[in-house]
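Everything on this sheet refers to the single structure shown next.
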Amino acid sequence: MKFLPDQYRLILDSLAEGVCTVGRDWNITSFNRKAAELTGVSPDEAVGRSFGELFQCDVCECATLLSEVMRTGKTLRDVATRLRHRGGGSIPISLNATPLRGARDILIGLVATFSDTRPLETLRKELRHDFTVGDMVSKSPRMRRIFDILPVAAESGSSVLILGPSGTGKELLARALHRASPRAERPFVAVNCGALPDNLLESELFGYKKGAFTDARADKPGRFALAEGGTLFLDEIGDTSPAMQVKLLRVLQEKVYEPLGGTRPVPCDVRVIAATNRDLSARVADGRFRADLYYRINVLSFDLPPLSERREDIPLLIERFIETLNAEKGRDVQGIAENALERLMRYDYPGNIRELRNIIEHAYVLCRCEQIQEPCLPPQVRSDPPSAAPENAPAAPRARPLHLPALVPEQEKKLIAETLRSCGNHKGKTARELGINPSTLWRKMKRHGL
């Protein structure tokens, strides 16, 4: 049976996956209905346009991956990444690509398919009972209370003070408040008050007029101007000087500020979220922080616990970091080995979540197995004696029980080989199908020469 072009179009449009084909010149030759839905670009607009112009990924260089397919002629399977929609936001997808060959097996282009994995991500969250707000993930009771209050705080528009040690995610919480607020469509602007001396911080916050100082050759808007209508995040506000505290208090009370060299107050409509790792109440008591500014920024407050007090979140955070790294690097690391996780569950994390993220990235770079192993962890983690966990620390989750039946070697090899074939040689899927840990599967495959 010979298909006509319109029939080919109907077949492609009936598929649940987005399909895009490109020629050797990287111009798009076909683009189905699902691809249009996921990208916000119509098929009529896409066909004939450059692939790299329209098909953009946030955390994975699709063009780089597909260039490798075009160069080597090798198929790309199940790469997790995100696809940017023209209307804004991004969509998690699974990307596949296969070379197209013409007469005499000459490469003439490739076909890329991408599946929307949002339902899978939602199901995964429901199954593992994970609780997320913005980019934060937690099942800790203390964090759950914060998550419960957050929507009301975001809606209120009042000033917020976020307390907590460095590395606990204060800026992530500030961004979550902004995204859940009526100002979500307006800018979120962050500035670290502790990183700049007073004169630079003032010009950074309020801007300056031409001629305000020697090198001021043109007007420059400050962070308050850039955040107009949105949210300004003042990190490490506890490190500001008394003089700067006076200027900030005026903005919060009167909703106006003056750029350096300016002669007229400038009105502003900005919500302020402040954060600090200092004990501000103690600083107020000893006179290092103005009481009136403290009460002005402390209308609503959140106190983020250190990671050592929410150890039940460590496995969730590790899983989230590995998923992110897989998407960035185009790899498929299948989690972390049990002994490595036990070591991480007992570490103290002086740098909190930021330190855990760096530890996982260090281990991920060194990992050459399908799971992160204990030798991949940084020396400071491995040298920490694996003493008994603190009383409030939950036990590290156990690996799934081994469901692979006890078989003689030849039977075991046959079963693994058949399961590998049925799973398209995807080792993670094969391990799940057999009910064994991916590292166990890797050892068995090595033993059997598979």
Side-chain angles (χ1 to χ4, degrees), residues 121 124-148 162-173 176 277 302-329 331 333-367 369-400 428 437-439:
E121 285 198 353
R124 185 185 298 124
K125 289 176 182 178
E126 291 173 354
L127 289 175
R128 71 190 182 195
H129 304 290
D130 115 12
F131 300 87
T132 62
V133 170
D135 292 326
M136 296 183 296
V137 56
S138 179
K139 58 171 65 172
S140 155
R142 287 179 64 178
M143 292 299 296
R144 289 282 305 283
R145 287 193 289 273
I146 290 173
F147 289 179
D148 289 343
I162 303 174
L163 305 169
S166 294
T168 50
K170 295 189 288 293
E171 183 169 344
L172 289 181
L173 179 56
N277 61 5
F302 295 91
D303 192 355
L304 292 176
L307 186 56
S308 59
E309 294 179 13
R310 45 181 287 209
R311 291 180 183 271
E312 60 267 51
D313 289 340
I314 292 172
L316 285 177
L317 291 164
I318 291 171
E319 183 177 358
R320 171 66 66 86
F321 296 150
I322 292 175
E323 286 176 356
T324 302
L325 288 164
N326 278 337
E328 289 175 354
K329 310 296 185 184
R331 294 174 62 188
V333 174
Q334 297 288 311
I336 185 165
E338 185 178 349
N339 60 349
L341 180 55
E342 287 176 349
R343 178 72 71 172
L344 290 172
M345 292 294 287
R346 289 169 169 79
Y347 185 63
D348 284 337
Y349 299 102
N352 293 295
I353 298 172
R354 185 183 295 123
E355 183 181 12
L356 175 59
R357 173 65 168 80
N358 290 343
I359 288 169
I360 295 304
E361 184 168 3
H362 173 102
Y364 186 96
V365 170
L366 298 182
C367 175
C369 304
E370 289 206 343
Q371 279 192 316
I372 290 174
Q373 305 295 320
E374 185 176 4
C376 299
L377 299 175
Q380 75 271 19
V381 179
R382 288 184 283 112
S383 62
D384 188 47
S387 56
E391 291 183 6
N392 64 340
R398 305 290 296 177
R400 290 202 311 170
N437 193 292
S439 61

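- The closest donor-acceptor contact from the side chain of Gln373 to the backbone of Gln371 lies under 3.5 Å.
- Arg142 pairs by the side chain to side chain contact (heavy atoms under 4.5 Å, CB included) definition with Ser140, Arg145, Pro305, Glu309, not counting sequence neighbours.
- By the side chain to side chain contact (heavy atoms under 4.5 Å, CB included) test, Pro378 pairs with Ile359, His362, Gln380, Val381, sequence neighbours left out.
- Of all non-hydrogen atoms in Ile318 and Leu356, the two that sit nearest each other are CG1-CD1, 4.1 Å.
- Atom CZ in Arg320 sits 11.0 Å away from atom CD1 in Ile353 (nearest 0.5 Å).
- Rounding to the nearest 0.5 Å gives a distance of 5.0 Å between CD1 of Ile146 and CG of Leu304.
- Checked against side chain to side chain donor-acceptor pair (under 3.5 Å), Tyr364 has the following partners two or more places apart in sequence or in another chain: Asn326.
- Looking at residues two or more places apart in sequence or on another chain, you find a side chain to side chain donor-acceptor pair (under 3.5 Å) between Glu171 and Arg175.
- The minimum heavy-atom distance linking Cys376 with Cys367 is given by the pair SG-CA, 3.8 Å.
- Note that OG1 of Thr168 is 13.5 Å distant from CZ of Phe302, once rounded to the nearest 0.5 Å.
- Rounded to the nearest 0.5 angstrom, Arg311 CZ and Asp348 CG are separated by 6.0 Å.
- For Arg357 and Glu361, the salt-bridge test passes: some basic side-chain N is under 4.0 Å from an acidic carboxylate O.
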Go through it in stages, so that I can follow the logic: the residues are Ile360 and Leu317, the test is side-chain contact (heavy atoms from CB on, under 4.5 Å), and I'd like the CA-CA distance, side-chain angles, deciding distance and then a yes or no. CA-CA 10 Å; Ile360 295 304; Leu317 291 164; over 6 Å; no

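- Defined by atom type and a distance below 3.5 Å, a donor-acceptor pair is present between the side-chain atoms of Ser138 and Asp313.
- The CG atom of Leu377 sits 7.5 Å away from the CD1 atom of Ile372 when rounded to the nearest 0.5 Å.
- For the atom pair Thr324 OG1 and Lys329 NZ, the distance stands at 11.5 Å (nearest 0.5 Å).
- Listed by chain and residue number, Ser166 satisfy the side chain to side chain donor-acceptor pair (under 3.5 Å) test with Asn277 (two or more places apart in sequence, or in another chain).
- Evaluation of the side chain to side chain contact (heavy atoms under 4.5 Å, CB included) rule for Asn339 yields Ala337, Glu374 as partners, not counting sequence neighbours.
- Across Lys170 and Gly164, no two heavy atoms sit closer than the pair NZ-O, 3.0 Å.
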